[in-house]
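Here the structure is laid out as structure tokens; the discussion comes afterwards.
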Amino acid sequence: MPLSHSYPHALSCPHSFSPHSQPLSHLPSPHPFPIPILSLVPPHVPIPSPPAISPLLSLLPYCAPPRSPVPILFHVPPIPCPRLHVRTPHPVPSPRPHPMSPSPCPHAVSPLHSRPQPVARGPAPSSKPRPHTPPSPKAPPRKCSLLTSAGAGGSGRRGGQVWAGGGGGWDGRERSSAIRTGAVRGCLRASPRFHRGERGGTMTDSKYFTTTKKGEIFELKAELNSDKKEKKKEAVKKVIASMTVGKDVSALFPDVVNCMQTDNLELKKLVYLYLMNYAKSQPDMAIMAVNTFVKDCEDPNPLIRALAVRTMGCIRVDKITEYLCEPLRKCLKDEDPYVRKTAAVCVAKLHDINAQLVEDQGFLDTLKDLISDSNPMVVANAVAALSEIAESHPSSNLLDLNPQSINKLLTALNECTEWGQIFILDCLANYMPKDDREAQSICERVTPRLSHANSAVVLSAVKVLMKFMEMLSKDLDYYGTLLKKLAPPLVTLLSAEPELQYVALRNINLIVQKRPEILKHEMKVFFVKYNDPIYVKLEKLDIMIRLASQANIAQVLAELKEYATEVDVDFVRKAVRAIGRCAIKVEQSAERCVSTLLDLIQTKVNYVVQEAIVVIKDIFRKYPNKYESVIATLCENLDSLDEPEARAAMIWIVGEYAERIDNADELLESFLEGFHDESTQVQLQLLTAIVKLFLKKPTETQELVQQVLSLATQDSDNPDLRDRGYIYWRLLSTDPVAAKEVVLAEKPLISEETDLIEPTLLDELICYIGTLASVYHKPPSAFVEGSRGVVHKSLPPRTGSSESAESPEAAPSAGQAAEQPAVIPAQGDLLGDLLNLDLGPPVSGPPLAASSVQMGAVDLLGGGLDSLMGDESEGLRSDVGGSPAMGGSGFAAPGPAAPAGMGAPLGSGLGDLFDLTGGVGTLSGSYVAPKTVWLPAMKAKGLEISGTFSRQVGSICMDLVLTNKALQVMSDFAIQFNRNSFGLAPAAPLQVHAPLAPNQSVEISLPLNTVGSVMKMDPLNNLQVAVKNNIDVFYFSTLYPLHILFVEDGKMERQMFLATWKDIPNENEAQFQIKDCSLNADAVSSKLQGSNIFTIAKRNVEGQDMLYQSLKLTNGIWVLAELRIQPSNPSFTLSLKCRAPEVSQYVYQAYDAILKN
Amino acid sequence: MIHSLFLINASGDIFLEKHWKSVVSRSVCDYFFEAQERASEAENVPPVISTPHHYLLSVYRHKIFFVAVIQTEVPPLFVIEFLHRVVDTFQDYFGICSEVMIKDNVVVVYEVLEEMLDNGFPLATESNILKELIKPPTILRTVVNTITGSTNVGDQLPTGQLSVVPWRRTGVKYTNNEAYFDVIEEIDAIIDKSGSTITAEIQGVIDACVKLTGMPDLTLSFMNPRLLDDVSFHPCVRFKRWESERILSFIPPDGNFRLLSYHVSAQNLVAIPVYVKHNINFRDSSSLGRFEITVGPKQTMGKTIEGVMVTSQMPKGVLNMSLTPSQGTHIFDPVTKLLTWDVGKINPQKLPSLKGSMNLQAGTSKPDENPTINLQFKIQQLAISGLKVNRLDMYGEKYKPFKGIKYMTKAGKFQVRT
């Protein structure tokens, strides 16, 4: 969570602010900044000799901040030739060169440098040439080596020889890359690292390596042309051996091909090996070999036939492909299955070389026929070949599966090899079963694969099951059985080799997010063993946090604490962070997490302390005003923080809680001394923190704030810092009240789980379990090269949901939809889709693009409240306002968490209100509940408040009755709301014109708007109110009916409705019963319309009325509804679908209330 | 599918490359070297590395990196499983899988690799079939080949390749018909400071060595098959029969193979056979620390614990250790800070212990991390899960085979935190 969130949220401030503008009034007029880059580069940069390096290196951590807004990526050319070196782009975070950058390490001075200086990374700590700062003792050597490799690597091959000199006797001819990497490492430790087994035993092949003489090729040539068979074979072996280590022996091509005509199978195979490697480089010569292949394809020995057809396909020469067609056709129909299965793969090879030819020759059809072959191995290979061809041509409908071919595949699945099983399973995963029964029967036949010894088979089977499970009804017994069956194989994968574990863990990470119930009891298998490889440890940790719940949090915390004392720094850091994430995820554990973090801080291990402080900052954000007592402990460690992120976090804490820290000014001042050496994020944070401090304690800190403002604006050339400095300066000098609103605004809470994969992406990734996409957690379209319009896979929609089980129209629904054009003439098909989706067979295909965009925009609550606030906070919306009565008397908001937020935006704020509610046109007679007593007189020193909420013509009102049951006159009324889920706030001050005499009541209609600050409440529609009068302040809370938030333009386009309904995952669907309601459909419809619930379509199915309705909340959340009304039955069924399912329950309550009144 | 394979030794030398499709330049390995550079230890090199045009999937075995290059979307587990199969095959062929061995047999290696994949699709990965295609080199065969000019490449189609039982060749003949089964269980456990078990699970396997004539059909039944709820079978096992009757019914491959592996989870309450008592004390501001560990038997069903070996990675601050073991030998390497104590057998009457002092770096504070003790041990004739084979029957052949079963419990990743 970036700290920069901390300032720009505007809120009105009730306190009158005494302006301290006098010292700040002389704001330097913003003038165009001279860009000091060139002028500041010192004319002469001494090239340091090696002993001078270390002080320079020690600066590097400061030169390379982790994030910067402008990364420049090197353009990476494709690999044009084997010798050229391509490396991953190194982001260079700052465009400006460090003034003393040219020589941070000895390699950079190499004249062989061919690429931008790697040291240009990072904004310079200072723009001025400065004497070298003394070496910081904590410069991690890792950074240094990273730079070294980047620097020397660029000049790698050409510079290689230079460095290689230090390495001693290596033969430079054949290992360009080895030398390169050697060069890189040679810089660090020059040691001869290439020793070659020169032990030429007579019995072994290593003798083939010993010839390194110059005339080697000639000698081999002579031997290859020898008459003696044995000698020939030895010579070919020598050639092959040279090939294996990457020597170029292509010059021997004609001589080797000459050896091809032989009865000796080993010699033949060896020659073939050679051919496959070099045919491409010698296409003309390769034609010489064709005759032999054609002849071999007729050989009585199936092994030879297969060998010939196999090798032929590997000779990737366009010219000879046409010669291959006839032999291949013959082999595809060969009587021997071994030949057939080899030929099947050959089609894929040929397709790779010349796709058009393969299509023209009709090989694809032959290949499809092979799926029905009697031999399972042939089937498996045909599937594999087709899959590979289909991957490069996603549009071609090659694997057009139907129930018959699926049956064939399932039969072959039981009998073919493990690899064949993988191909078949992956192919099955692309199939869309027509109903849940078929899905179940496929699942039943796939489950035995979960017990296979080959982990790839297991994972492919898991993929099929996870995908088809989507179609099974959750109430089905089989569904539960399947869930139970999935856990053990996943656990077993974790006892395999670490590489397998890694891939398995990445996939489990997805599975756990999709279906947490599968592994919820298996937490322990994810506990980290101390000798696990680091990549396994980090993944396990991730999953542990995902599985953490109230039930197991104690165990998890104990483990995490244990990990925090391990040796590996990366792991320890992540473990500490994990503790913080647990605190944020499992609220009940927050306290324990904080105390664990405090224990860890007590260890004083530097990086542990720093990580702990970073996460505690997040905990403060999540649970404001709860754990601030630990600040003192944190402050003790101020001096040991040397990492920018930790420093920034600490400074944020100090600034945020400046009023509780007595010596906040001293602390911040101490940071200010080295201001220019700090990284940007620390500088920005320091600036904000000091401004906050100033706003909270204006009297003592004027000097400090002036100092930081001038440091930021005058002495810095970082535009971000400079501009923020100017903004603050301007704010403070012109309008300190506004400054306070801006800088000390309420911050949004941070979301619970920060790194969940977005649900639609998760669904897509579930379809890719076991593939690279699942390892990278990105859809293949995002990274697979040459993916020509990869087809997006999507999970099949659930069919047999509980309602459809008893609903009679489940099966023929598609037909019915078509039969009812009268109801929704234009939308017949789409409605059919919708109904299919819910009740009948699945509909494949990606969701409409438009709808996903639309829903993305309104997915506010679902994505955490942050994004909501992000939208709200544009501009400084709220006006200064509020009644004078409130301002003066220091009216306190209910609860310590809301010191601000009682402004009454009148001007622009009201404009916003109308914007939000939009198109006021329908005069809505929204349902208004009778007034209830909110605040009994007993509790409020004689003031009784009763009220209700209403919505009229787009504006929300709180209708209040204030009754004075006391004996004295009441006056000076004011009202304020605490932050709430939908940002409800009074739009005007509470106007009570005359003092309220005893036993008098007054009715007031208080207009409300929804631009107040937002905090998720429990229950969602809870509103905490504070009312003040001349006697005291009183607090009460009330629940507002959600329908006051239903806006007038909540009618969705039909098409949009259908697409959206489909797009919202089924988990978000909620069902309710509205009992004892005797209205008919039309009455219901018009009644609901009055409260802005719009009926989009209505249809009648076997006497039942189905109403499709939509509504929109003030914050843009759409709720879609299906209301089912049976004439004879007084109980309606309401199905609600919403991106933010938490609102469904309240929408239902609103429905219930509206319909029953 | 799998494009190319590079074998790289620990010092970053590519000593073998094999391409199944077009040739991929070995410069692609530079990305791998970079990752290797970043990782502190060879074990920590990430198994999946992406480069602009390829993906590198690697496994690290026997101090060799097997790096496969792929270009399209291929299931990574498929590739990694295949690489493991390559390693197993090399081991099967040459006894050990080492750089020297591979270089010595480079042509056979090349031929074998060519048989294993075709255009990146696995072709023959069963060692039985491979051995029929390419005969493993033996000294005798090499000598015979040199004299007679015959080759070690089979010229007949391997028999098992396409039959319903691809794992078994036909026409097998033995004079002594024997079938041996080893039930081997490894305990993975994490024990915390106070001696209580944090996690414990059993990874079990049944390895078999079956040398039977003809086409025998075997059934193996257990006394307590309910223990086996999480199993992975060799393809020869008939799954249906297992599902319905909990009996292993199979036509075995010829020779050595792993019949099944199973996993007994923590829920089934694993008995821990040993305990470690430890007292490792780093004193602040003193340059001496105390070290004392004792190993003792817990639940061993009366069997002896042998082959006990204790290793522990001591913190950096420990300069040297002067220890006296009550039995066995111990070594402390002051450079790697690794303490190894080869205990041997545990005599329950006289528990082995290792006591003494540690020299700590003066002036530094107490180390933050506590050493974890790694334990290895063996218990013969005991399957700690309680699994017992009931009987083995053979159908389909007339002779009477010799049958044997052996149990063993070993420590897997057995760690004691201090």
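Order of the sequence lines fixes the chain letters, A, B, ..., with proteins taken first and strands second; residue numbering starts at 1 for each chain.
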Could you tell me if the ring centre of B:F121 sits under 6.0 Å from that of A:W419?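 No, too far apart.
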Answer yes if the ring centres of A:F423 and B:F78 are under 6.0 angstrom apart, and no otherwise.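 Yes, the ring centres sit under 6.0 Å apart.
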Where on [X] is there a heavy atom nearer than 4.5 Å to chain B: the side chain, the backbone, both, or neither?
{"X": "A:I534", "result": "both"}
{"X": "A:N531", "result": "both"}
{"X": "A:L500", "result": "both"}
{"X": "A:Y530", "result": "both"}
{"X": "A:V775", "result": "side chain"}
{"X": "A:Y272", "result": "neither"}
{"X": "A:V528", "result": "backbone"}
{"X": "A:I769", "result": "neither"}

What part of [X] is in contact with chain A, defined as an atom under 4.5 angstrom from a non-hydrogen atom: side chain, backbone, both or neither?
{"X": "B:Y262", "answer": "neither"}
{"X": "B:M101", "answer": "neither"}
{"X": "B:V48", "answer": "both"}
{"X": "B:F6", "answer": "neither"}
{"X": "B:K18", "answer": "side chain"}
{"X": "B:Q203", "answer": "side chain"}
{"X": "B:F233", "answer": "both"}
{"X": "B:L259", "answer": "neither"}
{"X": "B:I70", "answer": "side chain"}
{"X": "B:V45", "answer": "backbone"}
{"X": "B:E243", "answer": "side chain"}

Quick check on the interface: out of [options], who has the most heavy-atom pairs with chain B under 4.5 Å?
{"options": "A:A456, A:A385, A:P489, A:G313", "value": "A:A456"}
{"options": "A:V525, A:V503, A:L493, A:L459", "value": "A:V503"}
{"options": "A:E497, A:Q421, A:H452", "value": "A:E497"}
{"options": "A:S455, A:P533, A:A504", "value": "A:S455"}

How long is the gap from [atom1] on [X] to [atom2] on [Y], to the nearest 0.5 Å?
{"X": "B:M1", "Y": "A:K349", "atom1": "CE", "atom2": "NZ", "result": "13.5 Å"}
{"X": "B:D230", "Y": "A:T492", "atom1": "CG", "atom2": "OG1", "result": "3.0 Å"}
{"X": "B:W20", "Y": "B:L123", "atom1": "CH2", "atom2": "CG", "result": "11.5 Å"}

Pick from [options]: which one has the most heavy-atom pairs with chain A under 4.5 Å?
{"options": "B:T125, B:L260, B:L7, B:V24", "value": "B:T125"}
{"options": "B:H19, B:K193, B:H84, B:H234", "value": "B:H84"}
{"options": "B:E43, B:K240, B:R85, B:E41", "value": "B:R85"}
{"options": "B:P76, B:S261, B:G412, B:G120", "value": "B:P76"}

Considering only NZ, NE, NH1 and NH2 on the basic side and carboxylate oxygens on the acidic side, decide whether [X] and [Y] come within less than 4.0 Å.
{"X": "B:K413", "Y": "B:E201", "value": "no"}
{"X": "A:E418", "Y": "A:R449", "value": "no"}
{"X": "B:K21", "Y": "A:E388", "value": "yes"}
{"X": "A:D568", "Y": "A:K537", "value": "no"}
{"X": "B:R417", "Y": "A:E559", "value": "yes"}
{"X": "A:K269", "Y": "B:E115", "value": "yes"}

Checking B:Q415 against B:T372: is there a side-chain donor and acceptor pair closer than 3.5 Å?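 Their side chains do not contain a donor-acceptor pair, so the 3.5 Å distance test is not met.
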Aromatic plane relationship, B:Y55 with A:Y776 - under 30° parallel, 30 to 60° tilted, over 60° perpendicular: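 Answer is tilted, since the angle falls between 30° and 60°.
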Okay, side chain of B:E73, backbone of A:L772: is any donor-acceptor separation there less than 3.5 Å?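 A pair under 3.5 Å: yes.
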